[in-house]
Amino acid sequence: MQKTTNRPVIIEWRDGQPYSSLFQDVYFSSDNGALETEYVFLQGNNLAKRWFELHSNHFVIAETGFGSGLNFICAAKLWLATAPKEATLHFISTERYPLSLQDITAALQPWSELHEFSAPLIASYESICNGEPVNMLYGNRVQLSLLIGDAAESLQALVVTDDRINLVYPKIDAWFLDGFSPAKNPDMWQPALFEQMARLSKQESTFATFTCAGVVRKGLLAAGFEVTKQAGFGKKREMLFGRFTGHTNATVVSMMDL
Ligand SMILES: C[S@@+](CC[C@H](N)C(=O)[O-])C[C@H]1O[C@@H](n2cnc3c(N)ncnc32)[C@H](O)[C@@H]1O
């Protein structure tokens, strides 16, 4: 496993899009990263409906692989449009190889329709990466915690007491499983990650991921998630979404032939 450092990772740019030399993989779909986020992570977790009907003052998302923050700002935009004004979105993300301020700024630049959401993130990005624990953004309606380090290790360090995480927020409502393809980043997609997901999930917590790799399907099933397969975004044939039940004897449901 590679070491985590506080130094920003060095990346390449291919056709104006960020590309990881370390993992030989893209940060988001070359078809359209923002539409991919909407299809895979926002719709995959049914967030618009859940937030429109929210009867709580908190909703907690956890993500593996913050990258450019595109998933974060798309989620924040939807939250502001659909959730009750008094509720707070807690967005916990993990990142082992943070982008530099210059690269995250360039990566988010093409999404002009998202500039009002990317600008506050970029303005706070360096203090967020330096471990600022509570970052309130968008009129204090969204709280971002970026945990620098390996996803499973960072999640393992979160303490659960009386169904609250670090005494601050409730357990996780929805997971964004990002983090480069399992074939290119096998270190991250390990049973330890799925076990932490189970430990930190609320009953009925949901997840969505762009991949349908066997190691992910099997890992999630073994950790007590119900797993459904559906058509993927763009060139990807399949993706997965599902929910936490705590039962480890489920099988994969397929929506591919419906
Ligand atoms: C495909 S990119 C994520 C894209 C991102 N969600 C976005 O909105 O731009 C994958 C990210 O996972 C990070 N990553 C890779 N291995 C990791 C690990 N073991 N723990 C945490 N993050 C990891 C990479 O550094 C990279 O930023």
Side-chain angles (χ1 to χ4, degrees), residues 2-42 61-81 89 91-132 135-139 142-151 154 176-181 184-185 187-188 208-211 232-236:
Q2 317 244 4
K3 264 181 67 193
T4 304
T5 71
N6 282 334
R7 254 175 294 137
V9 68
I10 294 169
I11 60 163
E12 292 170 41
W13 290 87
R14 293 194 176 178
D15 301 324
Q17 308 238 7
Y19 182 86
S20 169
S21 327
L22 197 57
F23 293 97
Q24 296 290 306
D25 204 355
V26 290
Y27 274 75
F28 36 72
S29 165
S30 53
D31 290 328
N32 186 319
L35 287 183
E36 178 184 37
T37 294
E38 188 185 329
Y39 178 76
V40 175
F41 297 105
L42 306 183
I61 293 178
E63 176 184 54
T64 56
F66 186 71
S68 69
L70 184 62
N71 286 346
F72 168 70
I73 58 176
C74 290
K77 181 180 179 198
L78 181 65
W79 173 262
L80 297 189
L89 172 64
F91 195 101
I92 305 166
S93 191
T94 60
E95 179 51 66
R96 187 156 194 188
Y97 308 98
L99 290 178
S100 67
L101 177 60
Q102 194 184 358
D103 285 335
I104 200 170
T105 306
L108 293 174
Q109 178 60 30
W111 315 107
S112 52
E113 71 282 15
L114 294 170
H115 280 177
E116 68 177 288
F117 299 92
S118 52
L121 171 66
I122 290 166
S124 319
Y125 183 66
E126 286 191 311
S127 64
I128 293 172
C129 286
N130 284 333
E132 190 63 49
N135 299 285
M136 297 304 296
L137 296 161
Y138 316 119
V142 178
Q143 178 187 326
L144 171 63
S145 302
L146 184 57
L147 311 176
I148 303 294
D150 170 63
S154 298
F176 290 5
L177 285 184
D178 214 343
F180 296 135
S181 85
K184 293 179 172 169
N185 187 14
D187 277 356
M188 196 194 85
T209 180
F210 64 92
T211 177
F233 179 81
K235 298 178 196 76
K236 293 218 167 65

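Please read these numbers as outputs of a predicted model, since none were measured by experiment. Keep in mind that the numbers below use all heavy atoms, side chains included, and drop hydrogens, waters and symmetry copies.
- Evaluated for a side chain to side chain donor-acceptor pair (under 3.5 Å) with D178, the options T94, N71, T37, T209 yield exactly one hit, N71.
- The shortest heavy-atom contact between A151 and M188 is CB-CG, 4.3 Å.
- I104 approaches G69 most closely through the heavy-atom pair CD1-N, 4.5 Å.
- Rounding to the nearest 0.5 Å gives a distance of 4.5 Å between CG of L108 and CD1 of I73.
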Step by step, would you call Y138 with F117 a ring-ring contact (aromatic ring centres under 6.0 Å, His included)?
CA-CA 8 Å; Y138 316 119; F117 299 92; 5.7 Å; yes
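- Between S30 and K235, the closest side-chain pair of non-hydrogen atoms falls below 4.5 Å.
- Counting only distance, with no hydrogens or angles, the side chain of Y125 and the backbone of L99 share a donor-acceptor pair below 3.5 Å.
- In the displayed structure, E113 atom CD is contacted under 6.0 Å by more than 12 heavy atoms of other residues, nucleotides or ligands.
- Atoms CG and CD, on L177 and E63 in that order, are 9.5 Å from each other to the nearest 0.5 Å.
- The environment of I10 atom CD1 is sparse: at most 12 non-hydrogen atoms of other residues, nucleotides or ligands sit within 6.0 angstrom.
- Of the possible polar contacts, one joining the E95 side chain to the F66 backbone as a donor-acceptor pair under 3.5 Å is found.
- Between P98 and C129 the shortest side-chain heavy-atom distance falls below 4.5 Å.
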S145 vs N135, side-chain contact (heavy atoms from CB on, under 4.5 Å): CA-CA, chis, key distance, verdict
CA-CA 7 Å; S145 302; N135 299 285; 5.9 Å; no
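- In this structure, F91 has its ring center under 6.0 Å from that of F176.
- In terms of modelled atom types and a separation under 3.5 Å, the side chain of N32 and the main chain of A34 share a donor-acceptor contact.
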Test side-chain contact (heavy atoms from CB on, under 4.5 Å) applied to D103 and W13, step by step
CA-CA 9 Å; D103 285 335; W13 290 87; 3.5 Å; yes
What donor-acceptor contacts under 3.5 angstrom involve side-chain atoms of residues 21-28, with partners at least two apart or in another chain?
residue	atom	partner	partner atom	Å
S21	OG	E12	OE2	3.1
Q24	NE2	S21	O	3.0
D25	OD2	S181	N	3.0

Apply side-chain contact (heavy atoms from CB on, under 4.5 Å) to the pair K77 and W79, showing each step before the final yes or no.
CA-CA 5 Å; K77 181 180 179 198; W79 173 262; over 6 Å; no
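- Atom CD of E38 and atom CG of L78 lie 8.0 Å apart (nearest 0.5 Å).
- When all heavy atoms of L70 and G33 are compared, the closest pair comes out as CD2-C, 3.5 Å.
- With hydrogens and angles ignored, the 3.5 Å screen pairs no side-chain donor or acceptor of E36 with any backbone N or O of D31.
- Annotation for S93 and G65: closest pair OG-C, 4.2 Å, computed over non-hydrogen atoms.
- Between F233 and S29, the shortest heavy-atom distance links the atoms CE2-OG, 3.6 Å.
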L147 and I92: CA distance, side-chain angles, deciding distance, side-chain contact (heavy atoms from CB on, under 4.5 Å) verdict
CA-CA 7 Å; L147 311 176; I92 305 166; 3.7 Å; yes
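- Among all heavy-atom pairs drawn from S124 and L137, the shortest one is OG-CD2, 3.8 Å.
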